[in-house]
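A note on names: the letters A, B, ... follow the listed sequences, proteins ahead of strands, and every chain is numbered from 1.
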Amino acid sequence: MNDSKSLRSRIAQTVRDIPRSGIRDFFEIVSSREGVISLGIGEPDFVTPWHIREAAALALDRGVTSYTSNMGLLSLRRGISKYVEKKTGIAYNPEDEVLVTVGVSEGLDLAIRALIEPGDEVLYHEPSYVSYNPLIALAYGVAVAVETQKENGFRLTRAELEKKATPKTKVLLLNYPNNPTGAALSKEDVEEIAAFAIERDLIVFTDEIYDELTYDREHFSIISVPGMRERTIYLHGFSKAWAMTGFRMGFTCAPPELTEAMMKIHQYSMLCAPVLSQEASIEALKHAEKDIAYMKAEYKKRRNFIYASFKEMGIPCIRPEGAFYAFADISQFGMTAHEFSLKLLDEQNVACVPGTAFGACGEGFIRCSYATSLDEIKEAMVRIARFIEKL
Amino acid sequence: MGEIMNELLNLLKQNALESPGNLAKLLGISVDEVKAQIAEYEKSGVIRAYQAVVNEEKLDASLVTTVIEVKVTPESEGGFDRIADLISRFPEVESVYLMSGTFDLLLFIKGRTMHEAAGFVSEKLATLPGVTSTATHFMMKTYKQNGILMHTGEGDERLKVSP
Ligand SMILES: Cc1ncc(COP(=O)(O)O)c(C=O)c1O
């Protein structure tokens, strides 16, 4: 009974089947070293803007320490509704179409669990954010990866979707601007995908957590396409553009039936999002435009720099249009992404994440985050150049 | 382009030693464009000089910075310009600003000791015709100068690798 083998055998099969995260593996290696310059960090290097922190502190001082409504504070949901309408032109009723979640992470889990029955197929594009595949598996769904191509700048196309769609396909999960590739979609790209979803009568989950962080053109949301609002769960949160990862704040916008279904799970598994974080988010929606513009301008310079540096080194990399990642093609060096990353860490003390952490088709790529100070990025680029010279 | 050139100035203000190559990469323009624009800024006087921001407190014989509020009688021709120009030419004087409010000129001067600074005020400044009064403040500690924090705080608390 207390030998660990028998304990392991009692763990649910679905959980046992989930492979260890490639990110976690790498994290452990990197953490054991000193003086590493890390391009492996998927969160902003900025602290949360002062006035937002102050709003949380003030709420704490006022003794705001209780549960909130399951859905989240109504004033926050109103703010979210206004924000989303301003960005997309689509209005959601704060009373029954907006749900405040603990990060987009929880929103994803809720959407998937609320919709997926055993055997339902979910189309998602790879390379992708690490949690999609396991969350689908935990809901006994079938995760069907659609591999995006570097030739298309990792933009998802209808033709690729058609190849993987089956009568069992129920949901299409999108993430643009994309982690880990930095790809963003044009309006035309989005319309093409929307037409596919409508024709196949699919539900769409769209993770638009990076929508503020596009550098060459405005983001265009799929919910803005006619006919999409009624079949889409829109997922967003404060982690990235507001630099609020530790507050753990996200939200979903969806038709009342879908919101109610997610609410059912949320009320029993989470009860509500933390009230102090909700108070901070109210402030974030009111007064952070300038902060976001400032951080975005900084990311843009770094994006330019990292892109130009890879080009100069002769390492192909699509020009990242959004989020804060560059996905560089290191296949010419005759190593796997994992080998390359380990050797780079070993010889130059620079950490990046092997593309395979984001799906098998990430082989041959490394993800370099530019959510790190310019000085560090500059030094990292010098070291990478030195590294490949010796290969 | 105007916005990019503004960014160029901001980058130079942060680090005047940044190479044209790096500046070009950061701004997404060519090295030649960067060099031409810098030459233009230097020629037109937008860029007046390049200096190091020194943390004086780290030096053994650190200098004392003194801030002086000066009231002067404006002249019918030229107002404050003549006297401000005269004061600006003392080598001890680092900066001179014309201010609104209860006094007229604000000076920053550097001296080796408080005594030296006080000497400057009583012997050179207060005796200038037109100067009606002065108020002298000694600077105790510098937290931030020219946008640069003088004491670097805690490091990066983030996980070294995250999704
Ligand atoms: C694409 C994507 N979705 C969701 C998340 C999770 O964000 P949150 O902090 O809101 O849970 C991340 C975080 O890295 C992400 O990159």
**Message:** Heavy-atom cut-off 4.5 Å, strictly under: side chain, backbone, both or neither for Arg303(A) against chain B?
**Reply:** neither
**Asked** Between the main-chain N or O of Pro163(B) and the side-chain N or O of Asn179(A), is there a donor-acceptor pair closer than 3.5 Å?
**Response** yes
**Asked** Which region of Lys311(A), side chain (C-beta onward) or backbone (N, CA, C, O), has a non-hydrogen atom less than 4.5 Å from a non-hydrogen atom of chain B, or is it both or neither?
**Response** neither
**Message:** Can you tell me which portion of Glu28(A) sits under 4.5 Å from chain B's heavy atoms? Options are side chain, backbone, both or neither.
**Reply:** neither
**Prompt:** Which atoms of Thr372(A) come close to chain B, meaning under 4.5 Å heavy atom to heavy atom: side chain ones, backbone ones, both, or neither?
**Reply:** both
**Asked** Between Phe324(A) and Tyr299(A), how do the two ring planes meet: parallel, tilted or perpendicular, split at 30° and 60°?
**Response** tilted
**Complete:** When the 4.5 angstrom heavy-atom criterion is applied to Leu23(B) and chain A, the contacting part is neither
**Asked** Non-hydrogen atoms of chain B under 4.5 Å away: do they reach the side chain of Arg33(A), the backbone, both or neither?
**Response** backbone
**Request:** Against chain B, label Tyr325(A) side chain, backbone, both or neither, depending on which of its atoms sit under 4.5 Å from a heavy atom there.
**Result:** side chain
**Message:** If the threshold is 4.0 Å, N to carboxylate O, is there a salt bridge linking Lys301(A) and Glu7(B)?
**Reply:** yes
**Item:** Expected output: side-chain Asp207(A) to main-chain Asn175(A) donor-acceptor under 3.5 Å
**Value:** no
**Prompt:** Under a 4.5 Å heavy-atom cutoff, which of Ser131(A), Ala351(A), Pro44(A), Ser21(A) has the most pairs with chain B?
**Reply:** Pro44(A)
**Item:** Between Asn22(B), Leu27(B), Val161(B), the one whose heavy-atom pairs under 4.5 Å with chain A are most numerous
**Value:** Val161(B)
**Request:** Below 4.5 Å from any heavy atom of chain B, which atoms of Leu39(A) appear? Answer side chain, backbone, both or neither.
**Result:** neither
**Message:** Given 3.5 Å as the limit, does a donor-acceptor pair link the side chain of Arg302(A) with the main chain of Tyr370(A), or not?
**Reply:** yes
**Asked** Hey, would you say the Tyr210(A) and Tyr129(A) ring centroids sit under 6.0 Å apart?
**Response** no
**Under 4.5 Å from any heavy atom of chain B - which part of Ser309(A)** = both
**Fill in**
Residues Gln145(B) and Val53(B): closest non-hydrogen pair is O-CG1, 4.1 Å
**Request:** Consider only side-chain N and O atoms of Tyr176(A) and Glu321(A), and report whether a donor and an acceptor are under 3.5 Å apart.
**Result:** no
